[in-house]
Structure formats: structure tokens, C-alpha cells
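In the text below, chain A, chain B and the rest are named by the order of the sequence lines, each starting its count at 1. Computed from a predicted model, the values in this text were never measured in an experiment. Quick note: numbers below take in every heavy atom, side chains included, and nothing from hydrogens, waters or symmetry partners.
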Amino acid sequence: QKEVEQNSGPLSVPEGAIASLNCTYSDRVSQSFFWYRQYSGKSPELIMSIYSNGDKEDGRFTAQLNKASQYVSLLIRDSQPSDSATYLCAVKVNFNKFYFGSGTKLNVKP
Amino acid sequence: DAGITQSPRHKVTETGTPVTLRCHQTENHRYMYWYRQDPGHGLRLIHYSYGVKDTDKGEVSDGYSVSRSKTEDFLLTLESATSSQTSVYFCAIGTSGVNEQYFGPGTRLTVT
């Protein structure tokens with residue numbers, strides 16, 4: 001079983017809709033959780049981090065964490081075509097090791 | 001790219017040859033990481049460093065070695081390149097005790 005699981009997609013949403021991206025992880029001692037955005041041919045870019053249960057909002061992005069269910073999600077409100085990218089979920093499992101999911105490709109259609 | 005450069009950006013090499021990739025940072029961050037990214041596998045940690053001369057293995061370290069003689073430079077060496085090491089390699093940096101990582105632009109390596 002992989003440490004971090006994501007649906008590879010593609011997830012297609014119309015412009016202006018809410019995109020919901022999901023991630024599950026296997027290690028119960030995971031400490032911190034991250035969402036990265038990666039455009040094709042580019043490097044990953046950190047967009048959200050979350051450390052405690054609940055929701056964390058930053059602009060159009062909301063990260064949600066449920067440690068009991070080992071589940072983290074990213075909501076993108078008012079999706080724009082420029083949001084079309086691959087979204088990587090990452091988990092920090094000990095002092096300084098990170099595991100990444102394989103990513104979910106998001107397509108936002110005008 | 002948060003003051004991180006990687007060189008070379010593209011390389012084609014033959015099976016069995018040694019290859020060294022360089023990561024250079026201007027941020028004076030303590031932690032540096034090497035990842036490879038392959039379709040269907042996402043980013044996988046190869047090695048990381050938590051200080052000068054302090055390194056440790058990641059989940060896919062076989063066939064790779066690293067060195068860090070200065071805070072700003074982290075080298076990844078493929079002692080004898082194989083076709084299975086064809087990939088995109090990303091370097092990342094992180095601060096002490098902090099969780100976020102910032103990635104370099106990547107190196108696309110092709111082993112023929």
C-alpha cells in the first residue's frame with residue numbers, strides 16, 4: 001500500500017464551479033499535510049499546508065484535514081482555467097521525510 | 001524557484017556512464033532533498049541532507065549517492081546510469097523545523 005493515495009483523474013469541472021480533490025494517507029503518525037500545484041513541465045509549487053484537524057482557508061483554496069479518517073482534501077472555489085494543473089498531496093511522516101501522492105489532474109473548462 | 005537552481009537542466013547519457021546532477025541554493029536553508037518524478041509514481045524521495053556532510057536515504061536510494069560539502073550545494077550521483085533512471089529529477093530545500101519544501105526547476109535525464 002502506498003503511503004499517500006490520490007485519484008489520478010482527470011477531474012473535469014466547468015469554470016466557476018468548486019473542484020474537490022482528495023487524498024488519503026496510511027501512516028497514523030503523519031504530522032503535516034501539503035498541497036502542491038504542478039503545471040505541465042514545471043516544478044511543484046506549494047499552495048496550502050495544514051497541520052491540525054479542520055479547515056484552513058486561503059483565498060479560493062480550502063484545505064480540510066481529518067486525522068481520524070486519515071483524509072485530507074483541497075477545495076478550489078470559483079475554479080478558473082488557470083487552475084488546470086496536477087495537484088499533488090504530500091505528507092510529512094517523521095522528522096523530515098515527505099511522501100507524495102501521484103497527483104490528480106484537474107481540467108477547468110471555460 | 002525560491003533561489004534554487006539545478007544543473008544541467010537536460011542531459012542525455014548512455015547506460016553505464018556516471019552522471020552528477022547539481023542543486024544550488026542561495027537561501028542558506030539547512031535541508032535539501034533529491035526527488036525523482038515518473039508517470040504514475042509521483043515524487044519519490046531519493047536522498048536528503050540535514051546539514052553539511054549529513055545525509056540520509058529516501059525510499060528509492062539504490063543506485064544513487066549524494067554529497068554535501070557546502071550548505072549551498074547538494075550533488076546527486078548516478079554511479080553507473082541505467083535506463084530505469086530515466087526520469088525528471090527535482091531538488092528541494094526546507095528550513096529547520098519547518099515543513100514547507102520549495103522546489104528547483106528540475107533536470108530531465110535520459111539514459112539510452
**Request:** Begin with the C-alpha distance, continue with both residues' side-chain angles, and end with the deciding distance and a verdict on side-chain contact (heavy atoms from CB on, under 4.5 Å) for B/L43 and A/Q38.
**Result:** CA-CA 11 Å; B/L43 285 159; A/Q38 187 174 27; 5.6 Å; no
**Pair A/Y36 and B/F103, ring centroids less than 6.0 Å apart** =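 Between B/F103 and A/Y36, which both carry aromatic rings, the centre distance is below 6.0 Å.
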Side-chain heavy atoms under 4.5 angstrom apart, residues restricted to Ile, Leu, Val, Met, Phe, Trp, Tyr: same cluster for [X] and [Y]?
X	Y	value
A/L75	A/F61	no
B/W34	B/V60	yes
A/I47	A/V91	yes
B/Y33	B/V88	yes

Tell me whether [X] at atom [atom1] has more than 12 heavy atoms from other residues, nucleotides or ligands lying less than 6.0 Å away.
X	atom1	value
A/K67	NZ	yes
A/K105	NZ	no
B/E14	CD	no

Could you measure the distance from the [atom1] atom of [X] to the [atom2] atom of [Y]? Nearest 0.5 Å is fine.
X	Y	atom1	atom2	result
B/L45	A/Y99	CG	OH	7.5 Å
B/E100	A/K92	CD	NZ	9.0 Å
A/L88	B/Q37	CG	CD	6.5 Å

**Prompt:** What part of A/S8 lies closer than 4.5 angstrom to a heavy atom of chain B: side chain, backbone, both or neither?
**Reply:**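 A/S8 has no heavy atom closer than 4.5 Å to chain B.
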Measuring only between side-chain heavy atoms, which start at C-beta, is [X] closer than 4.5 Å to [Y]?
X	Y	value
B/Y35	A/F98	yes
B/Q101	A/L46	no
B/R44	A/F100	no

